[in-house]
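Encoded as structure tokens, the structure appears first; notes follow it.
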There are 2 protein chains.
Amino acid sequence: MNKKINNFEKQLKDNNLKLTGQRKIILNLFEENSDKHLNAVEIQKAALQQGNRIGTATVYRTLDLLEKLGFVSKINLDDSYIRYQFVDTKEEHEHHHLICERCGKVIDMQDDLLDSLEKQVHDKYGFNVTNHKVRIYGVCKECLSK
Amino acid sequence: MNKKINNFEKQLKDNNLKLTGQRKIILNLFEENSDKHLNAVEIQKAALQQGNRIGTATVYRTLDLLEKLGFVSKINLDDSYIRYQFVDTKEEHEHHHLICERCGKVIDMQDDLLDSLEKQVHDKYGFNVTNHKVRIYGVCKECLSK
DNA sequence: CTGGGTGCAAAAGGTTTGCAACACT
DNA sequence: AGTGTTGCAAACCTTTTGCACCCAG
């Protein structure tokens, strides 16, 4: 229970940083919305709905911090926002996203389907792969059945 | 020679649009820089270097237009710009990008390595794939050999 | 107590929009 | 001639920064 907060507290201490109320709130929001892909504005609104007013600059600075500490990762859905998503520490690479072109839903895809691709890219381009970001567009199951 | 401009002219006519000097200049810039991934500011500067002053709004509106007509496609390299690249009409999907984390170079990758992936995604998520965007991060051949 | 953190408001950076003048067709 | 297009400047939207005040350790 709240292992993430404890881990967070430890990492902050290790870096001479402080566990503030605002940082707790934002980390908790990510925990509660681990299926979503939040941007700064959405975080601020969500906090406000819980009765917690957090300044805009603080939200942006906290997002930077959480990313640097590896608790969230940036994702880009081409909508002019920088979005963030809770990181599952078990994942080796970032996971990927299926984006439905009808309803806009974004489905997380855990599979690491690109292992074979890395070898091909290395052989053909002499390129040493460290990570990859994949967005797959199409129509989701629900929209297909309508 | 200049098949692209002729095709462009035809498509514009079909849509009751006009072939203006600015549009020609911008399309030519894409042709001359088909290996690059230009943003609006870069286009404007490149035009100016050729002695062609084009207004900012015109650049943005022309990029929208070229994208809608299918001559260029948006690509996102996570650098806060909307970038565009000349579309090779022979390609079925957009092509993908290898991004070197040392020198920043972006290499185009024509291979459609993800055909098998589409089937897997369909079987597992009931998701009907229409397109995919892949960015692969790592270290390029030149940087590796240094 | 003291250095890191917060909130405000201003600035920055990229893109979009309104409008009068302009130029393809 | 007439409609689409341009350029300017202002507006917009998201993110960043400076600074005085605040609070966790």
Side-chain angles (χ1 to χ4, degrees), chain A residues 5-6 8-29 37-48 50-69 71-84, chain B residues 5-6 8-29 37-48 50-69 71-84:
Chain A
I5 286 279
N6 289 338
F8 188 36
E9 190 162 6
K10 182 180 178 309
Q11 287 227 40
L12 290 173
K13 267 194 190 131
D14 291 351
N15 290 283
N16 270 323
L17 303 172
K18 290 172 181 170
L19 181 61
T20 64
Q22 291 89 331
R23 286 176 180 171
K24 275 189 227 168
I25 291 163
I26 292 177
L27 189 63
N28 278 327
L29 278 173
H37 311 81
L38 302 168
N39 63 38
V41 179
E42 289 164 351
I43 300 250
Q44 195 175 28
K45 275 190 195 149
L48 199 55
Q50 302 179 340
N52 300 306
R53 187 193 193 80
I54 303 182
T56 310
T58 301
V59 174
Y60 283 102
R61 287 187 283 230
T62 303
L63 290 174
D64 273 5
L65 179 72
L66 288 174
E67 200 211 355
K68 266 170 202 137
L69 296 183
F71 287 92
V72 300
S73 69
K74 282 188 193 177
I75 56 177
N76 191 315
L77 301 178
D78 278 340
D79 66 350
S80 85
Y81 291 97
I82 302 176
R83 295 183 172 279
Y84 293 85
Chain B
I5 286 279
N6 288 340
F8 187 37
E9 189 163 8
K10 183 180 177 309
Q11 286 227 40
L12 290 173
K13 267 194 190 132
D14 290 351
N15 291 281
N16 270 322
L17 303 171
K18 289 170 181 169
L19 181 63
T20 65
Q22 291 90 331
R23 287 177 180 168
K24 275 189 229 169
I25 290 163
I26 292 177
L27 189 63
N28 277 328
L29 278 172
H37 310 80
L38 302 167
N39 63 38
V41 179
E42 289 164 351
I43 300 250
Q44 196 174 28
K45 275 190 195 148
L48 199 56
Q50 302 180 341
N52 300 307
R53 187 192 195 80
I54 303 182
T56 310
T58 301
V59 175
Y60 283 101
R61 287 187 282 230
T62 303
L63 290 173
D64 274 4
L65 178 72
L66 288 175
E67 200 212 355
K68 265 169 204 139
L69 296 183
F71 288 92
V72 301
S73 68
K74 282 189 191 177
I75 56 177
N76 190 314
L77 301 178
D78 278 340
D79 65 350
S80 86
Y81 291 96
I82 303 177
R83 295 183 172 279
Y84 294 84

Using the side chain to side chain contact (heavy atoms under 4.5 Å, CB included) rule, take A/Y84 and A/K74 through it: C-alpha gap first, then chi angles, then the decisive distance, then the call. CA-CA 5 Å; A/Y84 293 85; A/K74 282 188 193 177; 3.6 Å; yes

Atom pair [atom1]/[atom2] of [X] and [Y] - distance to nearest 0.5 Å:
| X | Y | atom1 | atom2 | result |
| --- | --- | --- | --- | --- |
| A/L65 | A/L12 | CG | CG | 6.0 Å |
| A/N6 | A/E9 | CG | CD | 6.5 Å |
| A/L63 | A/E67 | CG | CD | 9.0 Å |
| B/R83 | B/L38 | CZ | CG | 7.5 Å |

Does any non-hydrogen side-chain atom of B/L27 lie less than 4.5 Å from one of B/F71?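 A side-chain contact exists here, since the closest heavy-atom pair is under 4.5 Å.
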
Qualifying residues under ring pair (Phe, Tyr, Trp, His ring centres under 6.0 Å), relative to B/Y60, sequence neighbours excluded: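 With neighbours one apart ignored, the set is empty.
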
Which whole-number value in Å describes the distance from [X] [atom1] to [N] [atom2]?
| X | N | atom1 | atom2 | value |
| --- | --- | --- | --- | --- |
| A/L12 | C/dG5 | CG | C1' | 12 Å |
| B/L63 | C/dT15 | CG | C1' | 11 Å |
| A/Y81 | C/dG13 | OH | C1' | 16 Å |
| A/N16 | C/dG3 | CG | P | 12 Å |
| A/N76 | C/dG14 | CG | P | 16 Å |

For DNA chain C, what residues of residues 37-44 of chain B have any heavy atom nearer than 4.0 Å?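 Of all residues in residues 37-44 of chain B, none places a heavy atom under 4.0 Å from DNA chain C.
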
Any donor-acceptor N/O pair, A/Q50 side chain to A/A47 backbone, under 3.5 Å: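 Not at all, since once roles are kept as given, no pair shorter than 3.5 Å links the two residues.
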
Side-chain donor-acceptor distances from residues 51-58 of chain B under 3.5 Å, at least two apart:
unit_1: B/T56; atom_1: OG1; unit_2: B/Q44; atom_2: NE2; d: 3.2

Test side chain to side chain contact (heavy atoms under 4.5 Å, CB included) on A/L48 and A/K45; report intermediate values, then the result. CA-CA 5 Å; A/L48 199 55; A/K45 275 190 195 149; 5.5 Å; no

I need a per-nucleotide contact map over nucleotides 16-25 of chain C, read 5' to 3'. Cutoff is protein heavy atoms under 4.0 Å; write B for the base, S for backbone only, - otherwise. BBB----BBS

Distance-only check: which donor-acceptor pairs under 3.5 Å involve side-chain atoms of residues 15-23 of chain A, not counting sequence neighbours?
unit_1: A/N15; atom_1: ND2; unit_2: A/Q11; atom_2: O; d: 2.7
unit_1: A/T20; atom_1: OG1; unit_2: A/R23; atom_2: N; d: 3.3
unit_1: A/R23; atom_1: NH1; unit_2: A/K18; atom_2: O; d: 2.7

Boundaries of the DNA chain D segment in contact with chain B, non-hydrogen, under 4.0 Å: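 Result: D/dG2 to D/dC8.
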
